Amino acid sequence: MRRLLAGAFALSVITLPAPAQEPAIVASLERFRDSLDRVEDGRSLRRLAERLHREASRTDDPLLACREGLAWIRVAEKTSGRRYDEADRAFRRAADRAPRWAYPWLGRGLAKAGKGAWHAATPANLGNRVGVGAIQDAVGFLQQALERDRGLAPALVALADLWPSLLDTAALGPTLEALRRAEGTAADRDPAVWLARSRLEWLAGDPWAALRAAETHLALGGPRGVGLHALALARMRAHHPDAESAYFAGAALDEAGGVAAYRDDLVPVVGDSGLAAFDATAGGQRAAWLRRFWSDRDRWDLREDGERLREHYRRLRLARVRYRLEYNRRYYGQADRFRSGSLELDDRGIVFVRYGEPTVAVAPMFYGMQPNASWKYARGEGDLVLHFSGGGTSVRGGGLTDLRLVPSVFDLRRDRGAPEDMMLESRAEIDPDYAKYLMWGGLRRARFAHEDAQRGLRSIAQATTSDSHELRFERPLEPRLRVLALGRLGARRLLHVVFSIPTATRDSAERLPDGGLPVRLRLAAFDAEGRHAFSVDSSAALRPPDAGQSAALGRIAFPIPDGVWHLRLALEQGDRGRMLPTDSVRAASTAPGVVRLSDLAVGDAGRDLAWHAAPGDTAYLSPYSAFARAVPLELYYEVEGLRLGESYETVVELVPRATPGLLGRLLGHERRGLSLRFQDEHRGGTARVRRTLDVRRLEEAGLYLLKVTVTAAGGRREERGVTVELQDGPLE
């Protein structure tokens, strides 16, 4: 330690004339600054700064004053932030003695930047833009340095590091322009300058400039971790095919700066558990973790490899420009339902990074309303409706530009005289009921307000704890769909995806040469722990329906491995399509002696698709759950695991799903179902069973649970069920 300080002080007494040797002076000061960065003892640093101060006071040498200023900056970093003022005074003396030098202005910028950061980090300092004034002064001093030497690399890097702390996205342009003007100067030899430029060019939306800057950083020997990270981002923006390879190569390097860059990019899209898992990795394990992380999301959203990763960085870039916070302090009140803790993005930015552009977005401004927005995401799993409000209250944080998530449209911040009708009618595209609200009575209004708040709370919970890149289509498709594990192809169970397309849709669809209608099915299966198991991308030619029918029916079947699978599905026809709600299916294994029932196929022989499981065994497969009570139901199922010649009993029941109302119970009315019992002897192989159920015997229409129970010798038993709706009137 003493040797290092002695060497640092020895450097301090070297005197160089000004300004002819400015490059040498800058190099000398940067070496001195690097030596100080290796010193951790605050007392030793203070003694060095005081010694330099005494030496500089006895001479007019600006170099000594600059060295004194650098020493005080390091003292402030290791002890008290109040020492930044000492540093500023030393650099100001240097600027007075050498007005043509750029380095004293760089030093003043560094001192003010440190002071601003110290103010912001001190809890006793009140406000929501603490330290920003000092940061603004720092930027001004750095610009003064660059006016004297536009190629002063440390000033360029410091300016690029500071612009986010200005809390003003408009500062991005002037900062980037300063980096561009430095091209062709000595700064071209500094890889840190090119790295800073690559990052800012990427944010500004110029992928080719960002790509060239990242490549130059790497060619100059800059740190590879951050360099490959910047290269990957630029390549993604430029749709370069090798973007992912650069991304994962950089993630595998254990460089502190590179690891921090990858981690910062994950913060808006993963929770604490995800960050803990990332932090627990190193080297190639980190790259493998990221590869699985993004690949799982591609599979879940039925995307191609790499789509989710590229989409994440597209969203992240836009969010950092559109929704960057203008405050560095955020107050949370008891009414704040979501607390991101982010000091980079407001709540809109957090949701945007997770879910992308909303399907519908409104942000009306009128008298008495604080800044506000409402977003709707149309999703296969159910729509999300989110409201963002500016303006804080005594129980809720926020500000004019810090829009916070609120549960309901009625929680949007507004003055007493703000017109409620305009607030509601402006959101009719989000939900038509908003425009009807003022026409309802008090009881219905209260019920709707409660339902709106509950929907908002569910949407907030979903939008802030998960992420999605669901397939989107130009026009909606409204199919009916059902999946059935039924029959086998070799040793594997067959999965049937049965669907219907409305007539109005198929009339406008493009036809194949043979008159068929092309339909595409995308499916991905996951196990109980969310791990991807297999995917299917299949097409079929849907035959048009007969005259008078309201929909065309289709079926796509393929073998799947045994197991219980959660399914993500999308059905497309031309430019129409839809993501379907997550479904599940059980493809049971045929363990010896274990009775297994397949899914239950329920259909109408006059309406639904006929599937020939084997010669003489026909099943009717339906995408619908509603059937006419006047028409017999065709039930088909398969039983496995029975022994040759074994007797077994089957019970088929139709059990009412709804109980009578209060009046019905008082009158002693009970909804009766239907129960059938069969005794059979197994003839070997798979037992294929078809039953015709006369549902006209039921007393009334309604929802029923169709349940099949098979009991074999030794009490071996299996039960499966499906809900059906029996209607007396015309089917939809």
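What's counted below: heavy atoms across the whole structure, side chains too, no hydrogens, waters or symmetry copies. Computed from a prediction, not measured in an experiment: that's the story for all the values here.
The ring pair (Phe, Tyr, Trp, His ring centres under 6.0 Å) test with Tyr262 is passed by exactly one of Tyr247, Trp289, Phe278: Tyr247.
Cation-pi geometry between Arg348 and Tyr323 is not met: the NZ or CZ atom fails to fall both under 6.0 Å from the ring centre and inside 45° of the normal. Remark: Arg297 qualifies as a cation-pi partner of Phe293 under the 6.0 Å distance and 45° angle criteria applied to the six-membered ring. Arg404 forms a cation-pi arrangement with Tyr332, by the criterion of a distance under 6.0 Å to the ring centre and an angle within 45° of the ring axis.
Side chains of Asp452 and Ser408: a donor-acceptor N/O pair is present below 3.5 angstrom, by distance only. Counting only N and O atoms by type, the side chains of Tyr331 and Asn128 include no donor and acceptor under 3.5 Å apart. Donor-acceptor pairing under 3.5 Å is lacking for the side chains of Gln462 and Arg458. For the residue pair Tyr355/Ser466, the side-chain donor-acceptor check at 3.5 Å is satisfied.
Using a 4.0 Å cut-off between charged side-chain N and carboxylate O, Arg314 and Glu311 make a salt bridge. We find that Asp206 and Arg237 are not joined by a salt bridge, their nearest charged nitrogen and carboxylate oxygen being 4.0 Å or further apart. Salt-bridge formation is not detected for the pair Glu357/Arg315: no Lys NZ or Arg NE/NH1/NH2 atom is positioned less than 4.0 Å from an Asp or Glu carboxylate oxygen. For the pair Arg212 and Glu183, the salt-bridge criterion is met [side-chain N within less than 4.0 Å of a carboxylate O]. The pair Glu77-Arg74 counts as a salt bridge, with a side-chain nitrogen and a carboxylate oxygen less than 4.0 angstrom apart.
Between the side chain of Ser426 and the backbone N or O of Met423, at least one donor-acceptor pair lies under 3.5 Å. The backbone N or O of Asn125 lies less than 3.5 Å from a partner atom in the side chain of Arg329, making a donor-acceptor pair. The backbone N or O of Arg47 lies less than 3.5 Å from no partner atom in the side chain of Arg51, so there is not a single donor-acceptor pair. Thr359 contributes no side-chain N or O that, together with a main-chain N or O of Tyr377, makes up a donor-acceptor pair within less than 3.5 Å.
Annotation: the span from Thr175 atom OG1 to Leu203 atom CG amounts to 11.0 Å, rounded to 0.5 Å. The NE2 atom of His119 sits 9.0 Å away from atom NZ of Lys112, with the distance rounded to the nearest 0.5 Å. A distance of 6.0 Å separates CG in Asp265 from CG in Leu233, rounded to the nearest 0.5 Å. Rounded to the nearest 0.5 angstrom, Thr185 OG1 and Asp149 CG are separated by 7.0 Å. In this structure, CZ on Arg108 lies 12.0 Å from CG on Leu110, to the nearest 0.5 angstrom. Interatomic distance, Asp34 CG to Leu36 CG, rounded to the nearest 0.5 Å: 9.0 Å.
Between His217 and Pro191, the closest heavy-atom pair is ND1-O, 2.9 Å. Closest heavy-atom contact between Tyr327 and Leu400: OH-N, 3.5 Å. Minimum interatomic distance between Pro268 and Val353 (heavy atoms only, all atoms of both residues): CB-CG1, 3.9 Å. Ala145 and Ala155 make their closest contact through CB-CB, 4.4 Å (heavy atoms, listed as atom of the first residue, atom of the second, distance). Closest of all the heavy-atom pairs between Ala252 and Arg286 is C-NH1, 4.3 Å. Annotation for Gly397 and Asp336: closest pair N-OD2, 3.0 Å, computed over non-hydrogen atoms.
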- Should Phe388 and Trp375 be marked as a ring pair (Phe, Tyr, Trp, His ring centres under 6.0 Å) after you check the CA-CA gap, both sets of side-chain angles, and the distance that decides it? CA-CA 8 Å; Phe388 305 89; Trp375 291 359; 4.8 Å; yes
- Query: Hey, mind stepping through Leu218 and Arg224 against side-chain contact (heavy atoms from CB on, under 4.5 Å) and telling me if it holds?
  - Reply: CA-CA 6 Å; Leu218 290 168; Arg224 290 190 60 77; 4.1 Å; yes
- Task: Go through the steps for Asp347 and Ser340 under the test side-chain contact (heavy atoms from CB on, under 4.5 Å), then give the verdict.
- Result: CA-CA 7 Å; Asp347 288 2; Ser340 73; 4.2 Å; yes
- Task: Please assess Arg263 against Asp279 for the test side-chain contact (heavy atoms from CB on, under 4.5 Å), listing each intermediate value before the final yes or no.
- Result: CA-CA 8 Å; Arg263 191 183 194 278; Asp279 292 340; 2.8 Å; yes
- Item | Verdict with supporting geometry, Val193 and Asp188, side-chain contact (heavy atoms from CB on, under 4.5 Å) | CA-CA 7 Å; Val193 172; Asp188 285 352; over 6 Å; no
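For the pair Leu325 and Arg330, the minimum side-chain heavy-atom distance is below 4.5 Å. The shortest side-chain heavy-atom distance between Pro364 and Met422 does not fall under the 4.5 Å cut-off. A 4.5 Å side-chain heavy-atom check between Leu318 and Phe352 finds at least one atom pair inside the cut-off. For the pair Val226/Arg199, a side-chain contact is recorded, criterion being any heavy-atom separation below 4.5 Å from C-beta on. Side-chain contact between Asp137 and Lys115 is absent, with no heavy-atom pair separated by less than 4.5 Å. At a threshold of 4.5 Å between non-hydrogen side-chain atoms, the residues Leu29 and Arg67 count as touching. A heavy-atom distance below 4.5 Å is not found between the side chains of Asn372 and Val406. Side-chain contact between Glu201 and Leu176: present, with at least one pair of heavy atoms (C-beta onward) separated by less than 4.5 Å.
Between Trp105 and Phe141, the ring planes lie tilted relative to each other; the angle falls in the 30° to 60° range. In this pair, Trp294 and His312 present their aromatic rings tilted. The plane angle is within the 30 to 60° band. By the 30° and 60° cut-offs, the orientation of the rings of Phe91 relative to Tyr103 is tilted.
Heavy-atom contacts from other residues, nucleotides or ligands closer than 6.0 Å to CZ of Arg322 number more than 12. Surrounding CZ of Arg129 are more than 12 heavy atoms belonging to other residues, nucleotides or ligands, all under 6.0 Å away. Heavy-atom contacts from other residues, nucleotides or ligands closer than 6.0 Å to CZ of Arg339 number more than 12.
For Arg58, the salt bridge (charged side-chain N to carboxylate O under 4.0 Å, His left out) partners at least two apart in sequence or on another chain are Glu55.
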